[in-house]
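Here's the structure we're looking at; comments come further down.
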Amino acid sequence: MVLPSELIDQVSAFHADAFGWAVACSGGDFESAADTLQECYVKVATGRAKFAGRSSLKTWWLAVVRLTTLEQRRGRQRWQRRAEAVREWLATFGEAAVESPAPDLPAPVGAEELAAALGRLPARQAEIMSLVFQHGLSLSEAATVMGVSVGSARQHYERAKKRLRTLLSAEARTPTGNHAS
């Protein structure tokens with residue numbers, strides 16, 4: 001059996017070919033290709049990608065690059081779907097404001113306001129929101145990652161949503177002009 005460190009030395013000989021292939025698999029995106037290739041080396045170093053000898057080393061290495069590119073693309077698509085779900089969820093705040101008879105309506109929540117509000121959440125609440133929306137995990141999966149019970153994860157999730165509603169509400173976002181110096 002080839003040790004991961006020896007395998008990295010061997011596949012390094014194909015680095016230029018692998019990078020070119022990663023660029024091709026990434027649709028010409030050099031940054032994405034570099035990330036992909038780095039992830040491939042990590043897979044070999046950690047033993048997640050093992051050479052079984054059923055093909056040439058170069059063929060195997062290029063297959064690892066291709067599959068890693070596909071995994072990363074799926075991950076980005078999953079993140080984009082979650083981001084869209086958050087945008088739709090946040091749009092409910094804007095729709096509620098539009099239906100309101102109040103003449104001085106604040107602008108819908110922007111990404112910067114959302115990031116600031118998420119930064120003001122307690123650590124566990126921010127963690128559960130990140131795992132669910134950014135990483136696409138279910139509450140059960142997020143609970144496992146966090147090392148808490150599913151019930152505890154649900155409670156953190158519900159509290160986070162409630163706190164975000166408060167932080168992003170019209171009153172919290174409307175400047176009062178009475179700031180203490």
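In this structure, the side chains of L62 and R66 stay at 4.5 Å or more apart for every pair of heavy atoms. Side-chain contact check for R48 versus E39: some heavy-atom pair is nearer than 4.5 Å. The shortest side-chain heavy-atom distance between C25 and T36 does not fall under the 4.5 Å cut-off. For the pair K161 and L164, the minimum side-chain heavy-atom distance is 4.5 Å or more. Under the 4.5 Å side-chain criterion, counting only non-hydrogen atoms from C-beta, W61 is in contact with V44. Contact check for T68 versus L37: no side-chain heavy atoms found under the 4.5 Å cut-off. No side-chain heavy atom of L118 sits under 4.5 Å from any side-chain heavy atom of L167.
Annotation: the span from H156 atom NE2 to L121 atom CG amounts to 12.0 Å, rounded to 0.5 Å. The structure places SG of C40 at 12.0 Å from CH2 of W21, a figure rounded to the nearest 0.5 Å. Between Q155 atom CD and Q125 atom CD the span is 9.5 Å, to the nearest 0.5 Å. Atom OG of S140 and atom CZ of R154 lie 8.0 Å apart (nearest 0.5 Å). With rounding to the nearest 0.5 Å, the separation of CH2 in W60 from CZ in F51 is 7.5 Å. The line from CZ of R82 to CZ of R78 is 8.5 Å long, rounded to the nearest 0.5 Å.
Nearest heavy atom pair, residue S26 against residue S32, reads OG-OG, 3.7 Å. Shown here for A142 and V132, the closest heavy-atom pair between the two residues is CB-CG2, 4.4 Å. Contact detail for L139 and A153: the closest heavy-atom pair is O-CB, 4.0 Å. Between A160 and M129 the shortest heavy-atom distance is CB-CG, 3.6 Å.
Taking a cutoff of 4.0 Å between a charged side-chain nitrogen and a carboxylate oxygen, E84 and R81 do not qualify as a salt bridge.
At distances below 3.5 Å, not a single donor-acceptor pair connects side-chain atoms of R120 with backbone N or O atoms of R163.
No chain of hydrophobic side-chain contacts below 4.5 Å, direct or via other Ile, Leu, Val, Met, Phe, Trp or Tyr residues, connects F14 to L67. Residues Y157 and W89 fall within the same hydrophobic cluster, defined by Ile, Leu, Val, Met, Phe, Trp and Tyr side chains chained together at heavy-atom separations under 4.5 Å.
For S149 and S152, the side-chain atoms include no donor-acceptor pair closer than 3.5 Å.
The environment of CD in Q38 is sparse: at most 12 heavy-atom neighbours from other residues, nucleotides or ligands sit within 6.0 Å.
Note on ring orientation: taking the six-membered ring where Trp is involved, the planes of Y41 and H15 are parallel (angle under 30°, cut-offs 30° and 60°).
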